[in-house]
A.B. asks: 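Got a structure for you, written out below as C-alpha cells; questions coming shortly.
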Amino acid sequence: MQLVRLPCFSHRSKWCPDAPVVASCLIFLAALLPAHAAVPLPFSTYLRENSAILSLGHDSSGNLYAFGVLTNGPHFVARLDAAATKITYLSNLSGSGCDQGNAMAVDSGGNIFIAGATLAAYGQGYPCVLKLNPEGLVVYSFVLESAAAAVSQAIAIDADGSAVVTGYATQLGFPSAGGAFSNPGSSLANFVVLQPFIARIDSTGSKLLASAIGVGGAHIAIGPRGEVFVSGNASGFGVGAGNGAPNSYPVTPGAFQTTFTPSFDCTGFLCQMIVPSPEQYVSRLDSALIHLIYSTFVTGSNGATNQALAVDSAGNAYLTGTSRSADYPYAGGQTAGPRPGTFLTRLDPTGSKLVWSVQQGGTLLAFDSAGNLILGGSALPAGGLPYQVSPNPPSHPPLSSGVPAPCLPNGIRVQIAAFVQRFNTLDASVLATQLLSATQTQPSTLDALPDGRVLVAGSSVFPDIPITPGTVIWPRRRSAVRWPAPRMLSPSCPWARSPLAN
C-alpha cells in the first residue's frame, strides 16, 4: 500500500493550500493486522467528506457495510465490496421513521439493523429499530412508543433474527413487557432521569417480545446461549441496589463488586463544577430478559469509564476504558504497566471473579476469526503538546517495533495517534500492534472479518491519511468513481505491507 495525498476539497491546510475552507471530517477504512499471509491485501480509503462513520459490519459473502452521519444531519448506509473497489449503494435514511441512528448490526445474510430514535418533538423522541435488506431497502421500522422519551444506544442480532437494543429513558414511565426484569428505581445519574432499558423485538419487526427496565447500558453483546450482556457507566452517590440506595444500578449477590466508593471529577475552567465520576458496570441476563444472571461494578475509588464490551463463546466478558483509580482491580495486584490509566479486563462467566486485568486499553473491542481479542483506540503521543480529546486519555500509544522513525508519533505532526492491537485471550499477551500515521486520527468502530483482516473506520481532521490506489469514494455526483492516480506523500511509511509484531 502507498500513502497518497487526498484531493483538495476538504479544508484549507498546509497539505491543501488552495482548498476551500469547509469544516470537514475525512473518513478512512483500513483492513489491518492480518492473522496470516494468506489473507487478502489490506487497504485504506476515504469514503465521504463532512461525515462520521458510527458502525461497521460484514456479511457471509464478504461485502462490507458502513453506517454514518453527515454533519448536516442525515444518516446514511453504504455497501462496499471486500476490497473497497466498488460501492454498491450509499443511501440516506431521511424519512425512514428512525432518523437519529446510533449503532448498526449486520447479520450473515447482509440484512442491516439500525438502532436510534425518532426525531424528537418537544424533546420526546422514541427508541426505534430500522431493518434494511442487503440492497438497502427498508424491511421494517419499529418504534417503541411510550409515555417516556428514550433513545437506543446499541444493538445486537440474535440467531433467531430478533433485534436486541439497549439505551436510556430520560423520563419515567418506560414500559416493561414480556415479564422481563424490572427495577424502576434504578437510574444512572443523580438529579435527572437516566433509566437504562433493554428491549427485544421479534424477527418480523411487528412485536415487542420483552422489555427490561432499570438494567441496560451503552454497549451490548449476545452470549453463547442467547444471553444478553450490557455494560455502561453509572454515576452517583448510590452504592448498589442491594443496599436499598436510590438512583443506583442493580447488582447481584456474589458478584465481583457489589458496591463502589463514590468519587467526583471537576470540570470547567478552574474546576468550577463537581460531578460524580463514572463507575463501570456489566450485567448478564437470560435470553428472555427475565432473570438477571449477574450484575457487577468493575471500578476503583476514583471511578472507571467503560468504553467497550465484548463476549466470547464461553461467556467471558471483556471490558476496556480508562480509570484514574490507583486501586482499579488489576489481576495480581498490578500497579504499574505499559499504559497507565487504561484497563483491559476479562470477567469470568459467573461475574464473580477476574480472569485477568491489565494496563492496556482503548475504545473498541471485537474478536478475530482465530478467537483473538482485537482492541482499537486512540492515544496522545509521547512528548510535545498533545491535542486533548478526552478527560482521561491514554498517556501514550502502545509500543510497536519495526515502525520507521519518520512515522513515529512525535507530538508535533501527530496530535492523536490511532492504533489497533491483537491480544491472546488466555493471558492478555500482545500479539501485534499497528499505528495509523496521520496528524489527527480518531477510530470510532471496528469489525473483524472472517478472512483474518480487521476493518477500522474513523475520522481524520487533516487530509494526510493513507489511501490505497484503486479504492473508491462516493463523490458529490450520483455515481461512484475510482480513486485518482496516486501522489506519493511519504514512501517511508508503508504501513499495510506486513503486520507489525510487538
A.B. asks: Might you work through the side chain to side chain contact (heavy atoms under 4.5 Å, CB included) test for Val420 and Leu375, ending with a clear yes or no?
C.D. replies: CA-CA 6 Å; Val420 182; Leu375 180 144; over 6 Å; no

A.B. asks: Do side-chain atoms of Thr118 reach the backbone of Tyr126 as a donor and acceptor pair under 3.5 angstrom?
C.D. replies: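 It does hold such a pair.
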
A.B. asks: Listed by chain and number, what are the side chain to side chain donor-acceptor pair (under 3.5 Å) partners of Ser152, not counting sequence neighbours?
C.D. replies: none

A.B. asks: Identify, with sequence neighbours excluded, every residue that meets salt bridge (charged side-chain N to carboxylate O under 4.0 Å, His left out) alongside Asp158.
C.D. replies: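 Listed in chain order: Arg200.
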
A.B. asks: Could you tell me which residues satisfy side chain to side chain donor-acceptor pair (under 3.5 Å) with Asn133, sequence neighbours excluded, listed by chain and number?
C.D. replies: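 Counting only residues at least two positions away or on another chain, Asn133 forms no side chain to side chain donor-acceptor pair (under 3.5 Å).
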
A.B. asks: Would you say the ring centers of Phe181 and His291 fall short of 6.0 Å from each other?
C.D. replies: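 Not under 6.0 Å, so no.
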
A.B. asks: Would Ile374 and Leu446 count as a side chain to side chain contact (heavy atoms under 4.5 Å, CB included) here? Give the steps.
C.D. replies: CA-CA 9 Å; Ile374 303 298; Leu446 65 80; 4.3 Å; yes

A.B. asks: For Asn63 and Ser61, run side-chain hydrogen bond (donor to acceptor under 3.5 Å, both in side chains): C-alpha distance rounded to whole Å, both residues' side-chain angles, the deciding distance at 0.1 Å, then the answer.
C.D. replies: CA-CA 6 Å; Asn63 297 302; Ser61 300; 4.7 Å; no

A.B. asks: Under the side chain to side chain donor-acceptor pair (under 3.5 Å) rule, collect the residues that match up with Asp286, sequence neighbours excluded.
C.D. replies: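 Here no residue qualifies.
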
A.B. asks: Under 3.5 Å, is there a donor-acceptor pair between the side chain of Thr342 and the main chain of Arg339?
C.D. replies: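 Flag set: sc Thr342 to bb Arg339 pair under 3.5 Å.
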
A.B. asks: Identify the heavy atoms of Phe174 and Ile213 that sit nearest to each other, and give their distance.
C.D. replies: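 Where Phe174 meets Ile213 most closely, the heavy atoms are CD2-CD1, 3.2 Å.
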
A.B. asks: Give a yes or no on whether the backbone of Leu80 and the side-chain of Thr88 come within a donor-acceptor separation of less than 3.5 Å.
C.D. replies: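 Not a single qualifying donor-acceptor pair exists.
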
A.B. asks: Roughly how far apart are Leu373 CG and Asp368 CG, rounded to 0.5 Å?
C.D. replies: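 Here the rounded value is 8.5 Å.
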
A.B. asks: Can you check whether Asn372 reaches Leu431 side chain to side chain, under 4.5 Å on heavy atoms?
C.D. replies: yes

A.B. asks: For a 4.5 angstrom cut-off between non-hydrogen side-chain atoms, does Gln280 reach Ser231?
C.D. replies: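 With C-beta onward as the side chain, the pair stays apart.
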
A.B. asks: For Gln442, run the side-chain hydrogen bond (donor to acceptor under 3.5 Å, both in side chains) check against Ser459, Ser378, Ser460 and tell me which one passes.
C.D. replies: Ser378

A.B. asks: Kindly say whether Ser108 contributes a backbone atom to a donor-acceptor pair with the side chain of Ser60 at under 3.5 angstrom?
C.D. replies: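 Flag set: sc Ser60 to bb Ser108 pair under 3.5 Å.
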
A.B. asks: Answer with yes or no whether the side chains of Asp312 and Tyr318 bring together a donor and an acceptor at under 3.5 Å.
C.D. replies: yes

A.B. asks: Show your working on side chain to side chain contact (heavy atoms under 4.5 Å, CB included) between Thr296 and Thr252 and close with a plain yes or no.
C.D. replies: CA-CA 7 Å; Thr296 183; Thr252 53; 5.9 Å; no

A.B. asks: Any sub-3.5 Å donor-acceptor pair from Arg453's side-chain atoms to Ala448's backbone N or O?
C.D. replies: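 Looks like no, no N/O pair under 3.5 Å.
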
A.B. asks: Test your reading of the model: is there a side-chain donor-acceptor pair from Thr468 to the backbone of Ser44, 3.5 Å cut-off?
C.D. replies: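 Judged by distance alone, yes, a pair lies under 3.5 Å.
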
A.B. asks: Against Val151, only a single residue in Thr170, Asn102, Val165 fulfils side-chain contact (heavy atoms from CB on, under 4.5 Å); can you say which?
C.D. replies: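 It is Asn102, the one option of Thr170, Asn102, Val165 that forms the side-chain contact (heavy atoms from CB on, under 4.5 Å) with Val151.
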
A.B. asks: Suppose we screen for side chain to side chain donor-acceptor pair (under 3.5 Å). Which residues come up paired with Ser283, at least two apart in sequence or across chains?
C.D. replies: Tyr249, Ser295

A.B. asks: Tell me the salt bridge (charged side-chain N to carboxylate O under 4.0 Å, His left out) pairs involving residues 214-235, sequence neighbours left out?
C.D. replies: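 Residue pairs with at least one partner in residues 214-235: Arg225-Glu227, Glu227-Arg284.
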
A.B. asks: Hey, are the side chains of Tyr65 and Ile112 touching, using non-hydrogen atoms and a 4.5 Å cut-off?
C.D. replies: yes

A.B. asks: Check each of Val164, Ile198, Ile293 against Leu285 using the side-chain contact (heavy atoms from CB on, under 4.5 Å) test, and report the only one that passes.
C.D. replies: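 Only one option passes, and that is Ile198.
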
A.B. asks: Give the intermediate values and the outcome of side chain to side chain contact (heavy atoms under 4.5 Å, CB included) for residues Phe142 and Leu208.
C.D. replies: CA-CA 9 Å; Phe142 181 90; Leu208 176 66; 4.0 Å; yes

A.B. asks: Give a yes or no answer on whether the side chain of Ser323 reaches the backbone of Gly303 with a donor-acceptor pair at less than 3.5 Å.
C.D. replies: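 Answer holds: yes.
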
A.B. asks: For residues Phe43 and Leu455, report the shortest heavy-atom separation together with the two atoms involved.
C.D. replies: CZ-CD1, 3.7 Å

A.B. asks: Can you tell if the side chain of Pro134 reaches within under 4.5 Å of the side chain of Asn111, non-hydrogen atoms only?
C.D. replies: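 Of all side-chain heavy-atom pairs linking Asn111 with Pro134, at least one is under 4.5 Å.
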
A.B. asks: Give me the atom names and distance for the closest heavy-atom approach of Val69 to Phe76.
C.D. replies: N-CE2, 3.5 Å

A.B. asks: Are any side-chain N or O atoms of Asp81 and backbone N or O atoms of Lys86, one a donor and one an acceptor, separated by less than 3.5 Å?
C.D. replies: yes

A.B. asks: Less than 4.5 Å apart, any side-chain heavy atom of Asn306 and any of His219?
C.D. replies: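 In contact.
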
A.B. asks: Which atom pair, heavy atoms only, marks the closest approach of Ile155 to Met104?
C.D. replies: CG2-C, 3.9 Å

A.B. asks: Does His58 reach the main-chain N or O of Leu449 with its side chain, forming a donor-acceptor pair under 3.5 Å?
C.D. replies: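 It does not hold such a pair.
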
A.B. asks: Answer yes if the side chains of Ser162 and Asp160 hold a donor-acceptor pair under 3.5 Å, and no otherwise.
C.D. replies: yes

A.B. asks: Could you check whether any side-chain heavy atom of Thr166 comes within less than 4.5 Å of a side-chain heavy atom of Val228, counting everything from C-beta outward?
C.D. replies: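 Sidechains of Val228 and Thr166: no contact.
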
A.B. asks: Leu289 versus Ser211: any side-chain heavy-atom pair under 4.5 Å?
C.D. replies: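 The answer is no, as the side chains (C-beta and beyond) never meet within the 4.5 Å cut-off.
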
A.B. asks: Would you indicate whether the side-chain heavy atoms of Gln153 and Tyr168 approach each other to under 4.5 Å?
C.D. replies: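 Of all side-chain heavy-atom pairs linking Gln153 with Tyr168, at least one is under 4.5 Å.
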
A.B. asks: Under a plain distance cut-off of 3.5 Å, with no hydrogens placed, do Thr299 and Glu279 share a side-chain donor-acceptor pair?
C.D. replies: yes

A.B. asks: Aromatic rings Tyr294 and Phe229: how do their planes relate, parallel, tilted or perpendicular, breaks at 30° and 60°?
C.D. replies: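 Perpendicular.
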
A.B. asks: Counting distance only, does the side-chain N/O of Thr45 pair as donor-acceptor with the main-chain N or O of Thr471 below 3.5 Å?
C.D. replies: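 No; zero donor-acceptor contacts below 3.5 Å.
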
